[in-house]
Every structure is written in structure tokens, then in C-alpha cells.
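Along the sequence shown, the residues carry numbers beginning at 1.
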Amino acid sequence: MNQEPSPTMSRLARFLAMDSVALAALPLAETVTELISLLRESVDSESMTLEILGVLDQLPITAEIIRDKQIGAGKAVNVLVSNHSSQAVRATATAIVDRWKGLVRPNLKRSAGDVARDASELDGPALKRRAA
């Protein structure tokens, strides 16, 4: 008995058949909108969610797309970080969110911990050798 793929899987298959060059040639906003729609429809399927995240990760995403509230890409992927039952989905979503944060906030001020860590490295043995 041959089972037909679900409509969601059929829509996803179109993207899965493309390499990164073909994906990059698609209209970005429309592509991301479609993938986020698929993501929301397939959130209960670990394998489909991972496939969609993999396609999203291949796209030449921009800060404007991530910030666009109508597309909702940032929010949709970020929700998976803490709310998905699959550790693999959470890890993949976390990696994407971390990369996207770098696009959205490239000049983000460094945390106090980063500054303190850098200061302690400056006070380390290399600086003491130079002073001697």
C-alpha cells in the first residue's frame, strides 16, 4: 500500500531537493515565510522540524528578515530552543538563533564577564614578563 506524502511534506520536499545555490536564488522573504509556515505545521515531527531548520540554516538570511514581525522567523525558531521536546531540535535551533543574533546585533556591547576576562588576561604572565 503506497501512502501519499502529507501536503506539508510535499511542500518541504521542494526545498529539500535544492542545493544551497538554488535556495539562494529564491526570493528570500517568501522562502523564509513558507519555511516558517511549514515549521509551525510540523512542530510535532522531530525529523521534519530538523529538515526545515536545515533548509533555513542554508539560506543567506539577513537581519531584516529576522526582524520582520510578519515573517516571524526569529520568534518561531527561538521558541524551539526552550519548548521543543527533542534535544536535537533544541540544539539545532540554538545554533541558528546564536548565528542570527550575530546578524541582528553585530555591534552588541560585550558583557561585563567578557570585559573582566579580557582584563585578567592582560594582567597575566605575558604582561608581567614585559614589565620585568
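Each of Val79 and Val55 belongs to its own hydrophobic cluster when Ile, Leu, Val, Met, Phe, Trp and Tyr are linked at side-chain heavy-atom distances under 4.5 angstrom.
Between atom CE of residue Met9 and atom CE of residue Met48 there is a gap of 6.0 Å, rounded to the nearest 0.5 Å.
Leu59 is listed as a side-chain neighbour of Leu35, based on a closest heavy-atom distance under 4.5 Å. Counting heavy atoms from C-beta on, the side chains of Val43 and Leu80 come closer than 4.5 Å.
With hydrogens and angles disregarded, no donor-acceptor distance shorter than 3.5 Å links the side chain of Ser37 to the backbone of Thr33. In terms of modelled atom types and a separation under 3.5 Å, the side chain of Thr62 and the main chain of Ile65 share a donor-acceptor contact.
In this structure, Arg40 has no side-chain hydrogen bond (donor to acceptor under 3.5 Å, both in side chains) partners at least two apart in sequence or on a different chain. Shown here are the side-chain hydrogen bond (donor to acceptor under 3.5 Å, both in side chains) partners of Thr8, two or more places apart in sequence or in another chain: Glu41. With sequence neighbours left out, Asp68 forms a salt bridge (Lys or Arg N to Asp or Glu O under 4.0 Å) with no residue at all.
For Leu103 against Ala63, the heavy-atom pair with the smallest separation is O-CB, 3.6 Å. Of all the heavy atoms in Ser42 and Ile52, the pair that sits closest is OG-CD1, 3.1 Å.
Applying the side-chain hydrogen bond (donor to acceptor under 3.5 Å, both in side chains) test to residues at least two apart or on different chains, the pairs with a partner in residues 50-59 are Asp57-Arg99.
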When the side chains of residues 12-31 are checked against the rest of the protein, which donor-acceptor pairs come out under 3.5 Å, sequence neighbours left out?
from	atom 1	to	atom 2	distance (Å)
Asp19	OD1	Val21	N	3.2
Asp19	OD1	Ala22	N	2.8
Thr31	OG1	Pro27	O	2.7

Please report, to 0.1 Å, the donor-acceptor pairs under 3.5 Å made by any side chain of residues 87-94, with sequence neighbours excluded.
from	atom 1	to	atom 2	distance (Å)
Arg90	NH1	His84	O	2.8
Arg90	NH1	Ser85	O	3.2
Thr92	OG1	Ala88	O	2.9
Thr94	OG1	Arg90	O	2.7

Using the side chain to side chain contact (heavy atoms under 4.5 Å, CB included) rule, take Ile61 and Ile96 through it: C-alpha gap first, then chi angles, then the decisive distance, then the call. CA-CA 11 Å; Ile61 209 86; Ile96 292 171; over 6 Å; no
